[in-house]
*Asks:* 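Just dropping this structure here.
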Amino acid sequence: MGLIAREVERRGIATVSCSSAWSITKAAFAPRAVYLDFPLGRTAGKAGDVEMQREVMRAALATVRDAKQPGEIVELPYRWADTDDWKDGVMRPRPGGGGDHGDDRSDRLPTPQYQTEEDAALADPECATCVFPERSGALSGT
Amino acid sequence: MIQPPVDYIERTREQYSALGYPVYRWVEETEPPAFARIDKPMREWRVGLVASGGIYVQGQIAFHHRDDVSYREIDVDTPVERLRATHFAYDLTDARADPNVVFPLETLRYLRDCGEIGALAVRAYTFMGGIYSVRKVRDILAPALAERLVSDCVDVAIMVPV
């Protein structure tokens, strides 16, 4: 996403990235970021915690307003849990977890992966809001 | 005990090595990015949203999981109940229970309705991250999304990876 933020910024639009992966955001040299020290998949706040979600967005917007130089990462004051023990298991083998070395990813299947069977049945094959730039050659200016 | 941020680059290296996979090369940029300035107050900003958590609306085609560089346009006033999430690499539990955690649509609508920001772009953009081909992101997806944000007259874009 850092790469995309850089391209958007190059076109004159200010960006802020929400990150829960400090090292990746740092390495990608994103123009601006806010960092939330949570397990991946909750980059914009805790589920159901509307007030926290609003504060995260307010902090992101304030970072756009206040950041003075490219690459700034603002750390947000929230913790996922009372302890940081959850970090021990991230991408690491679970006790008795077999030989996958904590690899929780599912197979990277090349067909659409619907959340529900109902979604698959309701999907519009002509979907006008589904954009496939690779297929359509809709690439601007290249 | 407080621990430092999880170093995902280092953990990927350890895990791939243990699995016998070749080293994964994360993007590493040394050149500073462009840095756009906005000369109007926040309450006049038009804000855009780009999220990589694999969000789609029921009725749209879902993402596939192998370097999918397609994206979805999502009307910013879409009811959250119609949002779905698909991804091969992160724990989807919370995103499915409350899509705002990776796609803060209701959150931004609230800030718009309260006048903290001026407006939201008419549509938000979503794709499925975990695209291993840096070339495809750089050459296809990034310019396509940037172009859309420009034509949506966005002042500020909020980028939400997972």
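We name chains A, B, ... by the order of the sequence lines, and we start the count at 1 in each one.
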*Asks:* Name the option with the most non-hydrogen atom pairs under 4.5 Å to chain B; the candidates are Gly102(A), Ser20(A), Ala62(A).
*Replies:*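 Most pairs with chain B among the choices: Gly102(A).
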*Asks:* Find the one option among Asp119(A), Leu3(A), Val8(A) whose heavy-atom pairs under 4.5 Å with chain B are most numerous.
*Replies:*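 The option with the most such pairs is Asp119(A).
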*Asks:* Please classify the contact between Ile38(B) and chain A as side chain, backbone, both or neither, with a heavy-atom cut-off of under 4.5 Å.
*Replies:*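 Answer is side chain: those atoms of Ile38(B) sit under 4.5 Å from chain A.
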*Asks:* Which heavy atom of Leu83(B) sits nearest to which heavy atom of Phe103(B), and what is that distance?
*Replies:*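 Minimum heavy-atom separation between Leu83(B) and Phe103(B): CD1-CD2, 3.7 Å.
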*Asks:* Between Glu134(A) and Ser70(B), do the side chains contain an N or O donor and an N or O acceptor separated by less than 3.5 Å?
*Replies:*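 No.
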*Asks:* Name the region of Pro99(B), side chain, backbone, both or neither, that has any atom closer than 4.5 Å to a heavy atom of chain A.
*Replies:*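 For Pro99(B), no heavy atom lies under 4.5 Å from chain A.
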*Asks:* Output the option from Leu122(A), Asp49(A), Asp88(A), Val90(A) having the highest count of non-hydrogen pairs under 4.5 Å with chain B.
*Replies:*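 Ranked by contacts with chain B, first place is Val90(A).
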*Asks:* Taking all atoms of both residues into account, what is the closest heavy-atom pair of Pro112(A) and Ile61(B), and its distance?
*Replies:*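 Of all heavy-atom pairs spanning Pro112(A) and Ile61(B), the closest is CG-CG2, 3.9 Å.
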*Asks:* For the interface with chain B, which of Cys127(A), Pro70(A), Gly45(A), Ala5(A) has the highest count of heavy-atom pairs at distances below 4.5 Å?
*Replies:*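 The option with the most such pairs is Pro70(A).
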*Asks:* Could you tell me which residues satisfy side-chain contact (heavy atoms from CB on, under 4.5 Å) with Pro22(B), sequence neighbours excluded, listed by chain and number?
*Replies:*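 None.
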*Asks:* Identify all side-chain donor-acceptor contacts of residues 26-42 of chain A below 3.5 Å with residues at least two apart in sequence or on another chain.
*Replies:*
unit_1   : atom_1 : unit_2   : atom_2 : d
Arg32(A) : NH1    : Glu9(A)  : OE1    : 3.2
Arg32(A) : NH1    : Glu9(A)  : OE2    : 3.2
Arg32(A) : NH1    : Thr15(A) : O      : 2.6
Arg32(A) : NH2    : Glu9(A)  : OE2    : 2.9
Arg32(A) : NH2    : Ala36(B) : O      : 2.9
Tyr35(A) : OH     : Asp37(A) : OD1    : 2.8
Asp37(A) : OD1    : Lys87(A) : NZ     : 3.3
Asp37(A) : OD2    : Lys87(A) : NZ     : 2.7
Arg42(A) : NE     : Asp94(B) : OD2    : 2.7
Arg42(A) : NH1    : Leu40(A) : O      : 2.9
Arg42(A) : NH2    : Asp91(B) : OD2    : 3.0
Arg42(A) : NH2    : Asp94(B) : OD2    : 3.4

*Asks:* Against chain A, label Thr126(B) side chain, backbone, both or neither, depending on which of its atoms sit under 4.5 Å from a heavy atom there.
*Replies:*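 Neither; nothing under 4.5 Å.
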*Asks:* Go through the atoms of Arg123(B) and report whether side chain, backbone, both or neither lie under 4.5 Å from a heavy atom of chain A.
*Replies:*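 Neither part; nothing is under 4.5 Å.
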*Asks:* Quick one: which of Arg92(A), Arg10(A), Lys46(A), Arg65(A) has the most heavy-atom pairs under 4.5 Å with chain B, could you say?
*Replies:*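 Top option by heavy-atom pairs under 4.5 Å: Arg92(A).
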*Asks:* With a 4.5 angstrom heavy-atom cut-off, which part of Val50(B) approaches chain A: side chain, backbone, both or neither?
*Replies:*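 For Val50(B), the contact with chain A is made by backbone and side chain together.
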*Asks:* Students often mix this up, so state it plainly: with edges at 30° and 60°, are the rings of Phe88(B) and His65(B) parallel, tilted or perpendicular?
*Replies:*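 It falls in the tilted class, 30° to 60°.
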*Asks:* Is there a donor in the side chain of Arg148(B) and an acceptor in the side chain of Tyr71(B), or the other way round, less than 3.5 Å apart?
*Replies:*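 Tyr71(B) and Arg148(B) do have a side-chain donor-acceptor pair below 3.5 Å.
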*Asks:* Tell me, side chain or backbone of Ile117(B) under 4.5 Å from chain A's heavy atoms, or both, or neither?
*Replies:*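 Just the side chain, heavy atoms under 4.5 Å.
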*Asks:* Using a cut-off of under 4.5 Å on heavy-atom pairs, state which of Glu14(B), Met1(B), His87(B), Glu31(B) scores highest against chain A.
*Replies:*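 The option with the most such pairs is Glu31(B).
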*Asks:* Please look at Asp75(B) and chain A and tell me whether the side chain, the backbone, both or neither of the residue comes under 4.5 angstrom of a heavy atom of that chain.
*Replies:*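 Neither part; nothing is under 4.5 Å.
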*Asks:* Against chain A, label Tyr110(B) side chain, backbone, both or neither, depending on which of its atoms sit under 4.5 Å from a heavy atom there.
*Replies:*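 Side chain only.
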*Asks:* Given a strict heavy-atom distance threshold of 4.5 Å, which part of Tyr132(B) is in contact with chain A: side chain, backbone, both, or neither?
*Replies:*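 For Tyr132(B), backbone and side chain are both near chain A.
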*Asks:* Select one option (side chain, backbone, both, neither) describing which atoms of Leu111(B) are under 4.5 Å from chain A's heavy atoms.
*Replies:*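 Answer is side chain: those atoms of Leu111(B) sit under 4.5 Å from chain A.
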*Asks:* Salt bridge or not for Glu116(B) and Arg54(A), using N-O below 4.0 Å?
*Replies:*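 Looking at Arg54(A) together with Glu116(B), the answer is no, because their closest N to O distance does not fall below 4.0 Å.
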*Asks:* Could you look at Asp155(B) and say if it's the side chain, the backbone, both or neither that has a heavy atom under 4.5 Å from chain A?
*Replies:*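 Backbone of Asp155(B) only, per the 4.5 Å heavy-atom cut-off to chain A.
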*Asks:* Please identify, among Thr83(A), Asp124(A), Leu109(A), the residue contributing the most non-hydrogen atom pairs under 4.5 Å to chain B.
*Replies:*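 Going by pairs under 4.5 Å, I would pick Leu109(A).
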*Asks:* Do Tyr21(B) and Tyr16(B) have ring centres separated by under 6.0 Å?
*Replies:*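 Between Tyr16(B) and Tyr21(B), which both carry aromatic rings, the centre distance is below 6.0 Å.
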*Asks:* Need one label for Glu106(B): side chain, backbone, both or neither, based on atoms under 4.5 Å from any heavy atom in chain A.
*Replies:*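 Neither the backbone nor the side chain of Glu106(B) comes within 4.5 Å of chain A.
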